[in-house]
Q: 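My structure is below; once you've seen it, I'll send some questions.
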Amino acid sequence: MINGMLNDELRALQSVVRDFANDAIAPVISQHYEDCTFPYELVKGMGELGLFGLPFPEEYGGSGGDYFALCLALEEIARVDSSVAITLEAAVSLGAMPVYRFGTEEQKRQWLPRLCSGEMLGAFALTEPEAGSDAGGTKTTARLVDGEWVINGSKSFITNSGTDITGLITVTAVTGVSDAGKKEISTIIIPAGTPGLGVAPKYSKVGWNASDTHELSFADVRVPEANLLGVPGQGYAQFLRILDEGRIAIAALSVGLAQGCLDESLSYANTRMAFGRTIGSNQSIAFKLADMEVRAHTARLAYYDAADRMLRGEPFKRQAAIAKLHASEIAVTNAREATQIHGGYGFMNEYPVARMWRDSKVLEIGEGTSEVQRMLIARDLGVTSALQ
Ligand SMILES: Cc1cc2nc3c(=O)[nH]c(=O)nc-3n(C[C@H](O)[C@H](O)[C@H](O)COP(=O)(O)OP(=O)(O)OC[C@H]3O[C@@H](n4cnc5c(N)ncnc54)[C@H](O)[C@@H]3O)c2cc1C
C-alpha cells in the first residue's frame, strides 16, 4: 500500500521538503527555540515552496495536492523540528481547512489565496479555560445583534493566534440552545485586529518554543453576520471533522519526530566512543535503535492507512485516532530513548534530541489527548460505556 501511495510527485515533494528542513530549518531553529522567537523567515520559505496550499485546489491559490501530501511534508519537517511543523499544521489543517470545507464561495475567495501563500496565517480557537477534551462545554457566546455577531468569552492555547501575520481566527461559540436544551455551537471568523479581541502575551511552554501560542479574550467583539462559517448550529460537527483530519496530520508530525530521534541517535551511536568502541556496538544500544525504527515504521503505516481511507472517502475516524494515539506515544518513547543514547549531551539544549524530547510530550495532548483517542476508538468498537 505504501509504495502505491508514494508516486513520483509525492517522492519529489518529500525530497524538496527534506532539503528545506536540513538546509533552512536545521541551522537556525535552535536559536529561535532558545529565544522563543517565531521563525518568520522559515514561514516565508515554506510559503514559497507552496506548503501552506498543499491540500487546496489551484483556483484558491493552493498547490492542487491532497491531505496526504500535507502529511508527508509535516513528517519531513518534524524530522528536524516540531515548532515549524506545528506552525504549518495549525495554519493549514486548523486555520485554512475550515474555510475551505465550510466557507461560502465568497469566504474562500477572500481568505484562501493569502492563507495558501503563507502571507497570512489562520488559527482555530476551540479550547477554552474550562472546555478542552469536553469541547461541548464551550462557554464563549455569539449573539446576533443588528446584523452582527457579538462575541464574548475566552479561548486557551491557540496556535498561530498572535503572530504579525495572523489574519483570521475561527472561533467556536454558543449561538443558541435547542428545544431539547442542548447548546447550539457555531463557528465564526474573526479577522485579526478586530476591536475587543484580546491576545494575551505568549505562553512560556515546555516545548514547541518557536511556535506561537496565546490565550484569547473576546469582549463584545463585533463581526458581520456573513462571517459565520456554514450553517448555524453546525459548529460541533464541523470541528469534529476538522479534528478527525487533524489527527492524521499530528500523527505524521509525531512520526517525523520519532524518525528524527532515530536519525540523530543512529549517527551518535556510530561515532560516540566508550570503553574503546562505539556505543552502538553494544547490543543494548543497537536494540534500542532497532526498536525506534520499528515504532516509527509502524506508526507511519498507521497514518498512511488513515490518510488513504480519508482520501478514498471511506470512514476513517477510528484509523485517525489509532494513528494519532500510536504515533504520539511512540514519539515520546523514541524521544526518551534518544536522550538516553546521547547520555549527558542529550540533556543539553544544543543537541536536537533535547529539543525533540521537550517537544514530544504535547503530542499526547494536542488535538485530542491519548485518553480522548482511546474513548473514540472504544466508542467506534461499540463499547457503549465509552460514549460518556
Ligand atoms: C501548545 C498547545 C497548542 C494548542 N493549540 C490549540 C489550538 O490551536 N486550538 C485549540 O482549540 N486548542 C489548542 N490546544 C488545546 C488542546 O487541544 C487541549 O489542551 C487538549 O484538547 C486537552 O484539553 P485540556 O488541556 O483542557 O485538558 P482536559 O480536557 O482538562 O484534560 C485533562 C486530563 O483529563 C483527561 N480527561 C478528560 N476527560 C476525560 C475522560 N472523560 N476520561 C478520561 N480522561 C479524561 C485528559 O485526557 C487529560 O489527561 C493546544 C494545546 C497546547 C498545549
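Keep in mind that what you see is a predicted model, and the values were worked out from it rather than measured. Just follow the structure's listing: the first ligand is 1, and inside any ligand the first atom is 1.
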Q: With atoms numbered from 1 as shown, which atoms in ligand 1 lie under 4.0 angstrom from a non-hydrogen atom of Glu367?
A: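 So the atoms of ligand 1 that pass are 17 (O).
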Q: Only heavy atoms count here, so choose which of Tyr203, Trp208, Phe157 is nearest to atom 50 (C) of ligand 1.
A: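 Considering heavy atoms of Tyr203, Trp208, Phe157, the nearest to atom 50 (C) of ligand 1 sits in Phe157.
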Q: Looking at Gly280 and Ala286, what are the two nearest heavy atoms and their distance?
A: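 Nearest pair, atom of Gly280 first, then Ala286: O-CB, 3.7 Å.
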Q: Give me the ring orientation class for Tyr268 and Tyr345: parallel if the planes are under 30° apart, tilted from 30 to 60°, perpendicular past 60°.
A: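 Plane angle between 30° and 60°, so tilted.
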Q: Using distance alone, determine whether Thr369 and ligand 1 share an N or O pair under 3.5 Å.
A: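 Looking only at distances, the answer is yes, because the N/O contact criterion of under 3.5 Å is met.
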Q: For Tyr304 and Phe68, take the angle between the two ring planes, folded into 0 to 90°, and tell me which bin it lands in: parallel under 30, tilted 30 to 60, perpendicular over 60.
A: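 Perpendicular, since the angle between the ring planes exceeds 60°.
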Q: With atoms numbered from 1 as shown, which atoms in ligand 1 lie under 4.0 angstrom from a non-hydrogen atom of Ile158?
A: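 What qualifies from ligand 1 is 7 (C), 8 (O), 9 (N), 10 (C), 11 (O).
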Q: For the 3.5 Å polar cut-off, considering only N or O atoms, please tell me whether Asp134 and ligand 1 meet it.
A: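 So ligand 1 has no N or O lying under 3.5 Å from an N or O of Asp134.
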Q: Quick one: which of Glu130, Lys361, Glu371 has a heavy atom closest to atom 45 (C) of ligand 1?
A: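 Shortest heavy-atom distance from atom 45 (C) of ligand 1: Glu371.
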Q: Atoms of ligand 1 less than 4.0 Å from Val362 heavy atoms?
A: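 Near Val362, meaning under 4.0 Å from one of its heavy atoms, ligand 1 has 53 (C).
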Q: Is there a polar contact between ligand 1 and Thr159, counting only N or O atoms under 3.5 Å apart?
A: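 Yes; at least one N/O pair falls below 3.5 Å.
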Q: Can an N or O of Leu126 be found at a distance shorter than 3.5 Å from an N or O of ligand 1?
A: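 N/O-N/O distance below 3.5 Å exists for this pair.
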Q: Considering only heavy atoms of Met375, which atoms of ligand 1 have at least one such atom less than 4.0 Å away?
A: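 Counting from 1, the qualifying ligand atoms are 40 (C), 41 (N), 42 (N).
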Q: Counting only nitrogen or oxygen atoms and a 3.5 angstrom limit, does Thr127 reach ligand 1?
A: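 Yes.
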Q: N/O to N/O below 3.5 Å, does that happen between Phe124 and ligand 1?
A: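 For ligand 1, there is an N or O atom that lies under 3.5 Å from one belonging to Phe124.
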